[in-house]
Structure formats: structure tokens, C-alpha cells
Amino acid sequence: LRNHEKVHYGKKPCVCIQCNQRFATWSHLRQHMRTHTGEKTYKCTHCSKSFTHSASLKIHLRTHTQEKLYKCAECAKSFVNLGKLKLHSRTHTGEKPYMCRKCHEGFANSSSLKTHIRTHTGEKPYKCSQCAAGFKNSNDLKLHIRIHTGEKPYKCNHCLSNFKTSGALNSHIRIHTREKSCRRTN
């Protein structure tokens with residue numbers, strides 16, 4: 001109970017030695033440290049994805065069940081969690097409440113702002129363990145690692161092609177929707 005009370009009173013005595021972010025409890029700091037170490041202890045039983053937090057796994061599992069409980073009032077889209085719906089609603093309103101103090105550019109979410117700030121500082125905290133290349137965000141590192149592993153997790157349902165990114169798969173799928181045949185190149 002005392003640890004929980006710290007969250008409400010704003011006391012954050014636990015400090016990350018990597019990025020100086022502060023936390024109310026040691027357990028929150030331990031969870032945060034996984035973002036630096038890349039440790040992902042919560043594994044999906046349906047696919048190869050793993051997560052740093054159990055809540056993230058729970059939300060991810062909805063992608064397998066197609067359970068999308070949160071519906072947009074403006075359009076037909078629905079989402080697996082309320083946070084994603086709120087973020088989506090900003091595409092309709094144009095709201096960008098997170099402002100860069102250096103260049104005054106606005107962002108729809110805090111993580112996009114945090115990544116943007118790194119363009120000013122040059123900080124690249126996500127390092128490749130194989131070649132030491134640095135990246136502004138963990139997703140760019142994840143994509144980079146696929147260069148070393150050759151992993152292509154995105155599979156076309158129309159042919160035997162595999163892709164490193166969902167964007168590459170989506171571009172490829174247009175071949176099937178516009179043309180009758182697909183020429184596969186290796």
C-alpha cells in the first residue's frame with residue numbers, strides 16, 4: 001500500500017541510471033529497465049512476439065482474437081485499447097498536444113515527441129549488439145536487426161513472399177489487388 005501511495009503523491013525516489021527517468025517504486029524501475037536491456041519476458045503463445053510488460057501482451061493477444069472493444073465515433077475503425085482509440089481520435093481533430101520546446105513542432109503523442117527530441121540532441125540510445133549501430137527508437141533497432149538475422153516475419157497470404165516490414169508487405173499486396181499474377185523476385 002505504501003508503494004502504491006507514492007504513485008499518487010508524486011514521490012519518485014527510484015532513478016534509472018541509463019536515462020535518469022524517475023519512478024515511484026523499484027518494481028516500476030525494474031519494468032522500465034527492460035526497455036534498455038531489451039528483455040521481454042512475456043511471450044505470446046500464438047506467435048513469436050514477446051513483450052516487456054504483461055499488459056502489453058494482454059493487449060497484443062486481442063490481435064489474434066480480433067477483439068477490438070473501442071470504436072471510433074467518427075469513422076468505422078475500432079481498437080484493442082482505449083489509448084489507441086484516443087490517439088486515433090487526434091487524426092480527426094488534428095490535436096497535437098505535445099510540443100517540442102526547441103522547434104515548436106507538435107506531436108499527437110509523447111513517445112513521438114521524445115523520439116523527435118533526439119533529432120536535436122543526436123542521442124541514439126538503442127544500440128545494435130552485432131555492429132554497434134545506434135538508433136533513436138527501439139522499432140528502428142528491431143528493423144535493423146533483421147538485416148543481420150534475415151528475418152522476414154510478414155507473410156503474403158496470396159503467394160510465398162515474405163517481408164521485413166509490414167509496409168513492404170502492404171506495398172506488395174497491391175500487386176495482387178491490381179494484377180492477376182505476381183512475379184516473385186529473390
Sequence neighbours excluded - side chain to side chain donor-acceptor pair (under 3.5 Å) pairs with any residue from residues 103-113
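Passing the test, one end in residues 103-113: Asn109-Ser111, Asn109-Ser112.
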Any side chain to side chain donor-acceptor pair (under 3.5 Å) involving residues 36-47? Give me the pairs, sequence neighbours left out, ordered by first then second residue.
His32-His36
Measure the spacing between [atom1] of [X] and [atom2] of [Y] and express it to the nearest 0.5 Å.
X	Y	atom1	atom2	answer
Ser166	Asn170	OG	CG	6.0 Å
Thr35	Gln18	OG1	CD	8.5 Å
Leu141	Tyr126	CG	OH	9.0 Å
Asn157	Leu169	CG	CG	8.0 Å
Ser54	His60	OG	NE2	14.0 Å
Leu113	Tyr98	CG	OH	9.0 Å

Cluster question for you: counting only ILVMFWY and a side-chain heavy-atom cut-off of under 4.5 Å, with indirect links fine, are [X] and [Y] together?
X	Y	result
Ile147	Leu143	no
Ile117	Phe107	yes
Phe51	Leu61	yes
Phe23	Met33	yes

Would you call [X] and [Y] a side-chain contact if the rule is heavy atoms closer than 4.5 Å?
X	Y	value
Arg90	Pro97	yes
Cys16	Leu29	yes
Lys136	Pro125	no
Arg30	Arg34	no
Tyr70	Lys84	no
Leu85	Cys72	yes
Lys164	Tyr154	no
Cys131	His144	yes

More than 12 heavy atoms from other groups under 6.0 Å of CD1 on Ile17
no
Lys86 atom NZ: more than 12 heavy-atom contacts under 6.0 Å
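Atom NZ in Lys86 is not packed in, count stays at 12 or less.
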For [X] versus [Y], what's the shortest heavy-atom pair and its separation?
X	Y	answer
Met99	Gly106	SD-CA, 3.5 Å
Pro13	Ala24	CD-O, 3.8 Å
Ser161	His172	OG-CE1, 3.9 Å

Exam field: side chain [X] to backbone [Y], donor-acceptor pair closer than 3.5 Å:
X	Y	value
Arg22	Val15	no
Lys127	Lys124	yes
Arg118	Glu123	no

Derivation of the side chain to side chain contact (heavy atoms under 4.5 Å, CB included) call for Ser89 and Glu74
CA-CA 8 Å; Ser89 69; Glu74 300 288 322; over 6 Å; no
Does any donor atom in the side chain of Thr25 or His28 lie under 3.5 Å from an acceptor atom in the other side chain?
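Short answer, yes.
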Side chain to side chain contact (heavy atoms under 4.5 Å, CB included) for Gln31 and His53? Distances and angles first, verdict last.
CA-CA 7 Å; Gln31 281 183 336; His53 300 95; 3.6 Å; yes
